[in-house]
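Atoms within each ligand, like the ligands themselves, are counted from 1 in listed order.
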Amino acid sequence: MNYQLSVPQVLEQAYLQSPEKEVIFDGYKRVTYEELYQSVQLMASALASKGIQKGDRVLVCLPNWHEFVTIYFGLAQIGAILVPCNTRYMKEELQFILENSGAKAIFLAEEYGHFEFLKPILNKDGNFQHIFTVRFKDPECTSYEELLELGKKSEPPQVEIDSIEDVFSILYTSGTTGHPKGAMLTHKNFVHTATVSAECMNCTSNDVFLIAVPVFHCFGMIPGILTAIVVGGKMVFMEEFKAEKALTLIEQEKISVHHGVPTMFILELNHPSFKQFDLSSLRTGIIAAAPCPEEIVRKIRTIMGCDIVVSYGMTESSTTLTITGFEDDDFLRSETVGKAAPGAEVKIVDNNRVELSPGVVGEIAAKSFGIMKGYFNSPEKTAEALDQDGWYYTGDLGTLDENGYLRIIGRKKEMIIRGGFNIYPREIEEILYKHESVLEVAIVGLPDTVLGEITCAAIRLKPGKTEDQYSMKTYLKDKVADFKIPDHFIFVEKLPVTASGKIKKIALEQELKETLKP
Ligand code: ATP
Ligand code: MG
């Protein structure tokens with residue numbers, strides 16, 4: 001496999017190898033490599049004739065539709081920058097990304113309600129000049145189909161791409177710990193990480209990838225779409241995850257690589273008709289984004305017959321930084337996130353960024369060909385996150401063992417210091433998640449005049465369950481040291497979440513400060 005190619009060259013290579021082969025099925029259309037490659041050429045020339053040039057940012061706010069892939073490679077071919085947006089973004093969030101990225105154009109679907117508020121600001125101020133509509137039409141905008149028609153009138157421009165220097169995508173982080181930050185990822189960041197992911201899973205052109213994670217997230221864009229293309233495989237998109245639909249697709253399309261977050265696998269394993277599906281085509285896949293209980297890893301491997309690997313990474317590292325191997329047992333695949341992936345180095349450092357010994361908790365730092373160039377338009381944040389030697393400081397806390405396996409402890413910003421003792425909320429949250437009444441929980445620190453900080457657990461109970469402070473404290477009593485037991489338990493109807501579903505602790509902290517005011 002060649003790490004040096006640019007993103008469009010990866011597609012060209014796969015297309016030349018097997019033009020007739022099917023590359024995408026999205027439930028709506030089946031597309032071959034030939035069709036994809038040709039539509040990418042048309043898209044590239046159409047975008048160029050609309051004035052989109054190398055370095056211009058183009059927002060793409062679409063669900064898992066095949067059109068996303070044409071736009072992805074069309075933009076790559078002309079050196080323009082793809083800025084994917086979560087379809088669930090509300091007005092303010094989308095507006096923030098539009099302004100922050102200085103985008104010239106956006107591709108939109110109708111169903112998410114974005115068109116109504118974007119249309120009035122088109123051509124008003126800033127750089128925003130085009131709305132391209134996908135699977136719907138508007139008299140004042142150009143549709144996806146019209147772009148493909150327009151593309152027939154000229155040849156795609158020849159644009160030189162420097163894989164190492166040229167940014168292919170600005171991917172906004174989930175915004176769990178503050179405003180989303182735009183990570184600038186180069187062609188090389190993408191191709192390297194997609195290739196490494198393919199190698200770690202022994203992927204070949206026979207593989208069929210189930211892509212149920214959103215294509216607008218780095219997980220869908222890199223180990224999903226690009227890995228499938230790197231090996232010349234096929235991908236099956238799901239617009240919305242439903243366990244029964246996923247199981248049907250696995251059987252029908254003979255899925256071999258199943259990526260997902262733990263919840264997807266849990267829902268599939270618990271589906272009442274699970275046993276009726278033939279899942280024998282499943283081979284492997286990546287599970288990431290959240291810790292996965294050992295029991296689930298074991299069931300995915302034994303009952304589903306899917307030799308799933310666990311990976312850890314973030315937007316800034318183009319995903320995979322560490323990954324478990326096929327030789328690792330269920331315990332290592334649930335307790336750790338594996339070892340540094342090929343081409344990556346991982347270390348644990350203290351507050352002065354000095355490397356710590358195995359077993360000691362500190363910040364996880366990493367170096368790899370997947371690490372971003374920096375944050376877009378944000379030299380201060382870039383300087384905080386990246387040092388002179390190319391190390392990226394993740395803001396996550398973890399430990400490395402003697403054999404190089406990484407354990408995630410939690411986020412640095414979330415660590416609470418209560419009366420001089422460090423508390424890692426995630427440790428307690430994981431125990432509370434095992435309580436039969438708990439649906440969702442988040443623990444945050446609140447200021448306290450005596451202890452510096454005290455802890456508060458906000459819990460959303462399962463329907464029909466009742467609990468109180470006393471019952472929760474009793475539950476934790478023999479499970480953790482007393483200083484780790486939250487000082488307060490608050491029962492809530494819902495927790496504030498980001499568009500990708502992660503709990504926003506800063507917003508929660510604000511809410512709880514108000515609630516607990518004396
Ligand atoms: P922001 O940076 O805007 O606050 P975010 O960090 O949630 O948001 P992402 O880049 O989508 O945005 O998420 C990366 C983070 O997800 C990692 O830094 C880590 O905290 C968590 N994570 C990723 N993979 C795993 C995993 N396998 N196990 C546990 N946590 C993980
Ligand atoms: Mg982050």
Side-chain angles (χ1 to χ4, degrees), residues 84-86 88-89 93 96-97 100 169-185 189 193 197 213-214 216-223 259-263 265 285-294 296-297 308-324 328 332-339 341 346 363-366 370-372 375-376 378 381-382 384-386 392-399 405-415 424-427 429-430 433 442 496-508:
C85 298
N86 194 319
R88 284 171 55 203
Y89 273 152
E93 292 165 305
F96 169 78
I97 291 187
N100 192 271
S169 180
I170 299 175
L171 270 144
Y172 281 82
T173 59
S174 295
T176 312
T177 56
H179 256 308
K181 294 160 287 196
M184 293 187 287
L185 300 178
N189 292 154
T193 313
S197 305
V213 292
F216 51 71
H217 190 268
C218 50
F219 195 1
M221 282 182 80
I222 305 169
H259 292 327
V261 296
T263 323
F265 293 94
I286 293 178
I287 199 163
C292 189
E294 188 177 353
I296 302 300
V297 173
I308 198 89
V309 293
V310 177
S311 168
Y312 159 77
M314 60 281 307
T315 314
E316 291 90 336
S317 65
S318 332
T319 68
T320 313
L321 262 183
T322 69
I323 193 159
T324 60
D328 296 332
L332 282 172
R333 294 191 209 198
S334 64
E335 286 297 306
T336 82
V337 288
K339 298 196 262 195
V346 173
E363 183 174 5
I364 303 168
I371 301 288
M372 62 169 181
Y375 292 116
F376 185 65
S378 193
K381 286 214 169 87
T382 304
E384 265 169 45
L386 291 173
Y392 165 64
Y393 296 85
T394 63
D396 288 325
L397 295 169
T399 62
Y405 285 90
L406 180 69
R407 283 176 171 75
I408 311 290
I409 306 284
R411 290 181 190 251
K412 201 173 162 189
K413 279 196 183 160
E414 289 177 2
M415 190 182 81
Y424 305 108
R426 194 167 136 176
E427 180 193 352
E429 286 161 6
E430 274 177 36
Y433 266 113
V497 290
T498 65
S500 58
K502 299 191 192 191
I503 298 171
K504 271 188 182 166
K505 294 230 172 153
I506 294 172
L508 178 65

Ligand 1 N/O within reach of [X] N/O, cut-off under 3.5 Å:
X: G175; answer: yes
X: Y312; answer: no
X: R411; answer: yes

In the protein, what heavy atom is nearest to [atom], and what distance, to one decimal place, separates them?
atom: atom 12 (O) of ligand 1; result: S174 N, 3.2 Å
atom: atom 14 (C) of ligand 1; result: M314 CB, 3.4 Å
atom: atom 4 (O) of ligand 1; result: T177 OG1, 2.5 Å
atom: atom 13 (O) of ligand 1; result: K502 NZ, 2.8 Å
atom: atom 27 (N) of ligand 1; result: S311 O, 2.9 Å
atom: atom 28 (N) of ligand 1; result: A290 C, 3.9 Å
atom: atom 10 (O) of ligand 1; result: T315 OG1, 2.6 Å
atom: atom 22 (N) of ligand 1; result: A289 O, 3.9 Å

Can you name the atoms of ligand 1, numbered from 1 with element, that are less than 4.0 Å from a heavy atom of [X]?
X: G313; result: 14 (C), 17 (C), 23 (C), 24 (N)
X: H217; result: 11 (O)
X: V337; result: 27 (N)
X: R426; result: 29 (C), 30 (N)
X: T176; result: 1 (P), 3 (O), 4 (O), 5 (P), 7 (O), 8 (O)

Kindly give the heavy-atom pair with the smallest separation between [X] and [Y], and that separation in Å.
X: F219; Y: T319; result: N-CG2, 3.8 Å
X: C292; Y: S334; result: O-CB, 3.0 Å
X: P425; Y: M415; result: CD-CA, 4.3 Å

Give me the one residue out of D328, T399, T324 that meets side chain to side chain donor-acceptor pair (under 3.5 Å) with Y405.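 Going through D328, T399, T324 one by one, the side chain to side chain donor-acceptor pair (under 3.5 Å) with Y405 is satisfied by D328 alone.
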
Quick one: look at K504 and ligand 1, take heavy-atom pairs under 4.0 Å, and tell me if it's side chain, backbone, both or neither.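 The answer is neither.
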
Taking only residues two or more places apart in sequence, or in another chain, which ones meet E384 in a side-chain contact (heavy atoms from CB on, under 4.5 Å)?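 Applying side-chain contact (heavy atoms from CB on, under 4.5 Å) to E384 gives none.
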
Identify, with sequence neighbours excluded, every residue that meets side-chain contact (heavy atoms from CB on, under 4.5 Å) alongside V261.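 V261: side-chain contact (heavy atoms from CB on, under 4.5 Å) contacts with T263, M264, A289.
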
E414/K502 ion pair, N-O < 4.0 Å: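 Not counted as a salt bridge, because no side-chain N and carboxylate O are separated by less than 4.0 Å.
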
Side chain to side chain contact (heavy atoms under 4.5 Å, CB included) with L386: which of Y393, Y392, Y375?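 Going through the options one by one, the only one that passes is Y392.
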
Out of the candidates I170, L171, L185, only one should pair with M372 under the side chain to side chain contact (heavy atoms under 4.5 Å, CB included) rule; please name it.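 In the set I170, L171, L185, the residue that makes a side chain to side chain contact (heavy atoms under 4.5 Å, CB included) with M372 is L185.
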
From CA spacing to verdict: side-chain contact (heavy atoms from CB on, under 4.5 Å), R426, L397: CA-CA 11 Å; R426 194 167 136 176; L397 295 169; over 6 Å; no

Classify the angle between the aromatic ring planes of F96 and Y172 as parallel (below 30°), tilted (30 to 60°) or perpendicular (above 60°).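 Ring orientation, 0 to 90° scale: perpendicular.
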
From the candidates D396, I286, T324, the one that places a heavy atom nearest atom 19 (C) of ligand 1: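 Nearest option to atom 19 (C) of ligand 1, by heavy atoms: D396.
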
